[in-house]
Each structure stands twice: as C-alpha cells, then as structure tokens.
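Comments concern the structure below.
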2 protein chains.
Amino acid sequence: MTRDAPVLRTDPVRRLLDAATEAFAERGFHATTTRDIASRAGMSPAALYVHFRSKEEVLYQIALRGHQDARQIVADAPAGLRTHGERLSAIVRDFACWHAGEHTMGRVVQYELDALEPDHRAEVILLREQIEDDVLGEISAGITSGEFGTPDAKGAALVLLSLCVDVARWYRPDGRLSPAQIGDLYATTALQVVAAR
Amino acid sequence: MTRDAPVLRTDPVRRLLDAATEAFAERGFHATTTRDIASRAGMSPAALYVHFRSKEEVLYQIALRGHQDARQIVADAPAGLRTHGERLSAIVRDFACWHAGEHTMGRVVQYELDALEPDHRAEVILLREQIEDDVLGEISAGITSGEFGTPDAKGAALVLLSLCVDVARWYRPDGRLSPAQIGDLYATTALQVVAAR
DNA sequence: GTCTATATATCGATAGAC
DNA sequence: GTCTATCGATATATAGAC
C-alpha cells in the first residue's frame with residue numbers, strides 16, 4: 001500500500017505556504033518576517049527564496065488559493081437543492097462554516113489583501129466579486145420567484161456576506177460555538193434577513 | 001467671537017493621534033512607521049517621542065479613546081425610547097452608523113488590537129465586553145418581555161455585533177450607501193434577527 | 001518643544017559553498 | 001535544493017543643539 005502523506009509533508013512549497021498562512025493570520029503580513037516563515041517550515045531563512053521570489057509572492061499564492069477554495073464552497077453548496085430558501089441557507093451555512101474551520105486562511109484572505117501588489121490584488125478581487133455575484137444571484141432569484149419577501153436584494157447580500165466574512169475575525173477554536181453550530185445559526189439568520197419586512 | 005479651532009489644530013498630541021489613526025487604518029500598525037505618523041502631523045520623526053513613549057503607546061491611546069467613544073454611542077442610543085424593539089433598533093443603527101462614519105477609527109479599534117501589549121490589550125477588551133453586555137442585555141430584556149421571539153439571545157447578539165463591527169472593514173466613503181443608510185438597513189435587520197423563527 | 005544627526009537592531013533578499 | 005554568511009536598506013528610539 002503506497003502512502004503519499006510523507007510526500008505531502010515534505011513538499012517544501014506546501015510547508016512554506018502553511019507556515020506563512022499561520023504566521024500571517026497571527027501577526028499580519030508586515031509583522032511577519034521571512035525568517036519566521038522559514039523557521040516554522042523547518043528551513044533556513046534563505047530557503048524561502050528558492051521557491052518564491054518575494055514575501056509578497058507567498059501572500060499572493062495564499063490569497064489566490066484561499067479565494068479559489070472559498071468560491072468552490074459557495075458554488076457547491078446549493079447542489080441538488082430546489083427551493084431558493086434551501087439553496088441560500090446552504091450557501092450561507094457552508095460559507096460561514098468555512099470561515100470558522102479555516103479561520104487562519106480566512107483571516108489572511110480577508111484582511112491582508114492591501115499588502116498585495118496592484119496586479120495581484122486586482123486578480124484576487126475578481127474572485128471575490130464572483131462570490132458576491134453568486135450570493136446576490138440566489139437572493140434575486142428568490143425574490144423574483146416570490147419566495148423571499150425583502151425588497152432589497154443588494155442590502156440582504158451585503159448583510160449576509162459581511163456576516164460570513166467576519167466569522168474569521170472573531171472565531172476561536174475554544175469558543176462557545178463549533179463551526180457547524182455557527183453554520184446553523186447563520187443559515188437561520190439568512191432566512192430571517194430575506195423574509196418580508 | 002473667540003475661535004478655538006486654531007488651538008485644537010495645533011495641539012500636537014491631537015495632531016499625532018489623528019495622523020496615526022489615518023496611517024494605522026490605511027496600512028496597519030506594523031506597516032506604519034513613526035516617521036510616517038510624524039510627517040502626516042507636520043513634525044520631525046523625533047517629535048513623536050516627546051509626547052509618547054513608543055509607537056505602541058500611540059496605538060493604545062487611539063484604541064482606548066475609540067472604545068470609549070463606541071461605548072458612549074451604544075449607551076446613549078436608546079435614551080428616551082420605550083419598547084425594546086425601538087431601543088435595540090436605535091443601538092444597532094447608531095453603532096453601525098458610527099463604524100461607517102468613523103471607519104478609520106473603527107478599523108484601528110477592531111483590527112489592530114493584537115499589536116497592543118498584554119496589559120493595554122486587557123484594558124481595552126474590558127471596554128469591548130461592556131459594549132457586548134449592553135447589546136445582549138437589551139435583547140434578553142426584549143425576550144423576557146415577550147416582544148422578541150428568538151430563543152437564542154446570545155446568537156442574536158453575536159450576529160448583530162459582528163455585523164456592526166464589520167462595517168469598518170468594507171465601508172468606503174464613495175460607496176453605494178451612506179452611513180445613515182447603513183444604519184437604517186441594519187436597524188431593520190436587527191428586528192428581523194430577534195423575531196420569532 | 002522642535003529640530004538634525006545618529007545609535008542600535010532587524011529586515012528582505014542575495015552570494016557562494018556543498 | 002539547502003545551508004551559512006552577509007549586504008544594503010530601513011526601522012524604532014535616543015542624544016544633544018537651539
């Protein structure tokens with residue numbers, strides 16, 4: 001039986017990205033040194049520059065992969081569900097739950113984008129807007145079908161996206177709510193927000 | 001007619017605190033240099049150290065005053081209002097509106113606390129918990145009186161506080177919604193969140 | 001209380017051996 | 001591809017003139 005875990009564990013790019021994600025989430029991009037990243041990955045300070053051109057490129061790779069993961073979560077959530085209420089609930093549940101379970105990644109993805117170079121930032125923001133469009137589209141469809149009563153689709157989308165994203169700020173693994181419980185709370189909240197006023 | 005604006009404008013402590021608030025909000029605490037703060041205040045790099053012991057003490061003074069302001073907003077909002085719905089709406093409206101209008105201060109207050117020394121951070125977190133207790137108390141009172149139907153006071157408080165705080169992250173002065181419009185949207189959302197499920 | 005000049009430390013990134 | 005050693009730039013904070 002072949003095992004690929006050792007191969008993954010010793011992949012230096014993966015190790016550096018994971019180490020940098022932790023460090024950026026804890027202390028922020030500018031407060032994190034390349035020495036700290038390399039040290040967490042069990043490497044010398046110079047080793048980072050064999051795999052990345054700069055500290056900014058490390059952040060770019062993390063932000064890109066993080067946004068791609070988040071987009072996939074939102075795109076997959078409503079699969080197989082028919083009503084717009086079920087679909088929106090699933091999207092908000094999974095998106096909130098992801099920001100809790102992956103709160104280190106989420107913190108980097110949501111709070112360190114200003115440190116990216118303009119071209120990299122623009123590329124990442126495109127992915128963000130796709131996620132926002134997915135949520136707004138589901139809300140608008142529910143309003144058109146008569147299932148949702150709110151007259152303000154953009155306002156509801158703003159509220160629900162903001163809620164999910166902010167989970168990465170306040171979530172603590174030893175807190176009162178598990179990622180799944182947060183997902184349940186936010187799925188319920190989603191239906192309240194799109195209800196008639 | 002006496003004018004006090006010139007006096008205020010030349011108060012070096014106030015000028016440095018305002019300059020630092022702007023810089024911290026734009027680039028974060030660690031990415032901001034003491035030279036940048038002093039330069040924005042129209043002073044030499046060394047002048048900052050006449051009024052503050054360190055860059056961290058500048059952040060501490062900003063975080064302290066910002067939290068005191070926020071607490072005052074939440075405490076004053078329900079004055080003169082009788083029903084718990086009116087009172088909670090007013091609290092959420094004013095708190096969200098404050099995070100929009102004072103988004104530079106809000107960003108520092110909400111996102112740079114990790115840069116504080118342990119003693120300073122602990123002092124500021126006490127003020128945060130008072131604000132959280134104010135909101136939770138109003139929700140619990142509304143549930144006890146039968147005015148609110150939600151069975152989950154802590155969940156509702158978590159959702160509403162998170163929403164208001166996150167305004168500081170996404171708000172832009174040239175955006176679609178004014179601070180007052182954001183307050184209206186969030187006041188409406190508050191009543192939806194505490195309604196029966 | 002503000003300035004110029006600088007001490008001291010640490011950073012991002014590179015050079016060159018193995 | 002990883003290491004040790006280090007360069008050049010820049011940071012916080014201080015010293016001392018005015």
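Throughout, protein chains are lettered first and strands after them, A, B, ... in sequence-line order, and every chain is numbered starting at 1.
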query: Which letters describe nucleotides 7-18 of chain C, given B = protein heavy atom under 4.0 Å from base, S = only from sugar-phosphate, - = neither?
result: ----SBBBB---
- line: By salt bridge (Lys or Arg N to Asp or Glu O under 4.0 Å), A/Arg93 pairs with (sequence neighbours left out) A/Asp184
task: Mind checking ring pair (Phe, Tyr, Trp, His ring centres under 6.0 Å) for A/Tyr186 and listing every partner two or more places apart, or none if nothing turns up?
output: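 Checked A/Tyr186 against ring pair (Phe, Tyr, Trp, His ring centres under 6.0 Å); zero matches.
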- request: Write down the atom of A/Val92, the atom of A/Ala190, and the distance for their closest heavy-atom approach.
  value: CG2-CB, 3.8 Å
query: Do the non-hydrogen side-chain atoms of A/Arg169 and A/Arg107 ever get within less than 4.5 Å of each other?
result: no
A/Phe95 vs A/Ile131 side-chain heavy atoms within contact, under 4.5 Å: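 Yes; the side chains approach each other to less than 4.5 Å.
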message: Please give me every residue in residues 114-124 of chain B whose heavy atoms get under 4.0 Å of an atom in DNA chain C, ordered by residue number.
response: none
task: Considering only Ile, Leu, Val, Met, Phe, Trp and Tyr, and joining two whenever side-chain heavy atoms are under 4.5 Å apart, list the other residues clustered with A/Phe52.
output: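 When side chains under 4.5 Å apart are linked, the cluster holding A/Phe52 also contains A/Val13, A/Leu16, A/Leu17, A/Phe24, A/Phe29, A/Ile37, A/Met43, A/Leu48, A/Tyr49, A/Val58, A/Leu59, A/Tyr60, A/Ile62, A/Leu64, A/Ile73, A/Trp98, A/Met105, A/Val108, A/Val109, A/Leu113, A/Leu116, A/Val124, A/Leu127.
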query: Which is it for A/Arg40 and A/Asp36 under the salt bridge (Lys or Arg N to Asp or Glu O under 4.0 Å) test, yes or no, and what are the steps along the way?
result: CA-CA 6 Å; A/Arg40 286 177 194 246; A/Asp36 184 24; 3.3 Å; yes
- prompt: Any idea which of C/dT4, D/dC3, C/dG1 is nearest the B/Val50 side chain?
  reply: C/dG1
query: Which pairs, with at least one residue in residues 133-144 of chain B and sequence neighbours excluded, count as a side chain to side chain donor-acceptor pair (under 3.5 Å)?
result: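 Listed by first then second residue: B/Arg71-B/Asp134, B/His84-B/Glu138, B/Arg87-B/Glu138.
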